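In this text the structure is predicted, and so the values were computed from the model without any measurement. Lettering follows sequence order; numbering is per chain, from 1.
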Protein chains: 2
Amino acid sequence: LDAEAMAAARERHLTLTKPPGSLGRVEEVGARLAGICGECPPPVPESPAVLVCAGDHGVLARGVSPWPSEVTAAMVANFLSGGAAVNALARTVGGRVSVLDVGVAGDLPDHPLLRSAKVRRGTNDLSRGAAMSREEAARAVLAGAHLAEELVESGGADLLATGDMGIGNTTAAAALISSFTGRPARETTGRGTGIDDATLALKTRVVEEALELHAPDPKDPLGTLAALGGLEHAALSGVVLAGAALGVPVVLDGVVSNSAALVARALAPDAVGYLFAGHRSAEPGASVALEALGLDPLLDLGMRLGEGTGALLAVPVVGGAARVLSEMATFSDAGIEG
Amino acid sequence: LDAEAMAAARERHLTLTKPPGSLGRVEEVGARLAGICGECPPPVPESPAVLVCAGDHGVLARGVSPWPSEVTAAMVANFLSGGAAVNALARTVGGRVSVLDVGVAGDLPDHPLLRSAKVRRGTNDLSRGAAMSREEAARAVLAGAHLAEELVESGGADLLATGDMGIGNTTAAAALISSFTGRPARETTGRGTGIDDATLALKTRVVEEALELHAPDPKDPLGTLAALGGLEHAALSGVVLAGAALGVPVVLDGVVSNSAALVARALAPDAVGYLFAGHRSAEPGASVALEALGLDPLLDLGMRLGEGTGALLAVPVVGGAARVLSEMATFSDAGIEG
């Protein structure tokens, strides 16, 4: 982050026609945007894009979700036809939806909104062995980074929101969050789509078993991702890394995105400066991950859908923060003695 | 509120392509929007408008704010030229700004964004006598209601966000909130634009004195408004009442709007059903008022600027809630067994 641009934004906030600090956290967001793009005022994001990374999960064989893995492909088809929550909320904030298949088990049609970069058809069961190879994890990371890069470099996106789809993916997210934070499975495992008490107990045991089996080393992020990750978690960590490398703000969605941000931070600690936590998911692992990342979520609406829905609703807060810095009059412009 | 439309929205949420309840509070917002307009799905708000009601305050003579009353007119001029925070955030969410002068002390230019309905040039000092007459309070209420009605009936607005401008107006808001909730001045009085400890102590004493002087009766809302209110608080209560009468959602800004909502509720208890608390202002009185109103704020970003800024940032949450109900596919549309 550009410390000089951040300081200039904080200075500028004091000259704008409002009491100092009266926009609360919106002012901090604005200062960070200045640091991200390296200038003050920062440009107003005009083209937000949500990147929904999708994959399937071998751990579903353990019964961690009542939904079959076919729902992943069916929901991707729903994203492509514009009928999902992510589409409705993207329209609300003027965002583009882009879907990345890095690991959906089923076949998907060609579609302009879909980038196909299938690394494999779903992961192996992470509680019985490695979810994927290191090479596969790396390929998924790169697929996410490449799509983000193409969108940004083509002018198709100047703000990236993260999203995920993958039946079973909150199990992988919990395992990753436990690995990178050292917190036990019972604190990171949640009800996902809304499982009952018995399934939650089973899911927590599965995460515990996976952590015991792999004894993952958080200093080896790619190995941890290969052992416990989903392909979409890997791709999302690539989206985060690309956003940071390109100097574009990245707005995180819920628990899956949060777990991917922990992976990204382990690979490149400075990436966190480019991240905004769009919301606090109701999944307990989300709060554990956000605390570890040092990110305070912008929204807290009890959402737990994924797809990028919570990130999208936070986009106007980020956009507004930029607009305040670039469009507000100063006291001297307005002829007011501040 | 239309109970049948609300029930239909809750039913519809269960059929949409997402786990039940996974959009958290966004689903409640959607159900209430259905209840407000009396149909499911509710129409998507396409024309949000923020109504910024402005007035001046005789209590400023007591030294409750370091800002002179001239700043009220100067900031209104800033709204009209598009340089204030409310303008930047209205542009962010595609909203229209409309300013109502019900009591600014200074003269204001004719301008297409300004409705002049000056009831008087600022209030009297509420700590020494009634802030205004009952008739003046009523005229200000009606001015707010009329502007809201004109905007809605002309098709210029299908969602109303409330906003305020008036140096000294958090003092009046604290007094109103104490009157309607029975909570002491020390719990409702805050730092407003950012006053120091000594000024806060003075401001709290001024509110206490006003409450002792008037012994306001919350069952007489117009009398309470006349004794303690600002003209903009009165106008905002009219905006709330008009929104409810016209079946249009009203998104509240911070503490001044919250105090006006308490007045509106005392006049018409059912009006609360039409209200969404856009955000939780950092002013302590805001939380007291919201609790009394039974409203859970959508955003909590530490903002305390007023003008409608916090309400505007919540508009996409409300709009998104409507869009989810009208635009999402059902499981049967998507060929998924839910």
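The heavy-atom pair separating Val26(A) from Met303(B) by the smallest distance is CG2-SD, 4.1 Å. Counting all heavy atoms, side chain and backbone alike, Ala329(A) lies closest to Asn78(B) at CB-OD1, 3.6 Å. When all heavy atoms are compared, the tightest approach of Glu327(A) to Ala88(B) is OE1-CA, 4.2 Å. Contact detail for Pro316(B) and Val93(A): the closest heavy-atom pair is CB-CG1, 4.5 Å. Pairing each heavy atom of Thr17(B) with each of Ala84(A), the nearest pair is OG1-CA, 4.2 Å.
Using a 4.5 Å cut-off between heavy atoms, Leu301(A) touches chain B through backbone and side chain atoms alike. Only the side chain of Thr309(A) comes within less than 4.5 Å of a heavy atom in chain B; its backbone stays farther off. At a 4.5 Å heavy-atom cutoff, Asn87(A) makes no contact with chain B through either its backbone or its side chain. The parts of Leu298(A) that come within reach of chain B are both its backbone and its side chain, each placing non-hydrogen atoms under 4.5 angstrom from that chain. With a 4.5 Å cut-off on non-hydrogen atoms, Ala282(A) does not touch chain B at all. Interface remark: Ala85(A) contributes backbone and side-chain atoms alike to the contact with chain B (heavy atom separation under 4.5 Å).
Looking at heavy atoms from C-beta onward, Thr193(A) lies out of side-chain contact with Ser22(B) at the 4.5 angstrom threshold. A heavy-atom distance below 4.5 Å is not found between the side chains of Asp300(B) and Leu299(A). Residues Leu89(B) and Arg323(A) have side chains not in contact (no heavy-atom distance under 4.5 Å, counting atoms from C-beta outward).
Around atom CZ of Arg25(A), more than 12 heavy atoms belonging to other residues, nucleotides or ligands sit under 6.0 Å away. Counting non-hydrogen atoms of other residues, nucleotides and ligands closer than 6.0 Å to CZ of Arg96(B) gives a total of 12 or fewer.
Of the residues considered (Arg91(A), Glu27(A), Lys18(A), Glu28(A)), Arg91(A) shows the highest number of contacts with chain B, using heavy-atom pairs under 4.5 Å. Heavy-atom pairs under 4.5 Å with chain B were tallied for Ala334(A), Ala321(A), Gly194(A), Gly21(A); the largest tally goes to Gly21(A).
With values rounded to the nearest 0.5 angstrom, Trp67(B) atom CH2 is found 7.5 Å from Ile336(A) atom CD1.
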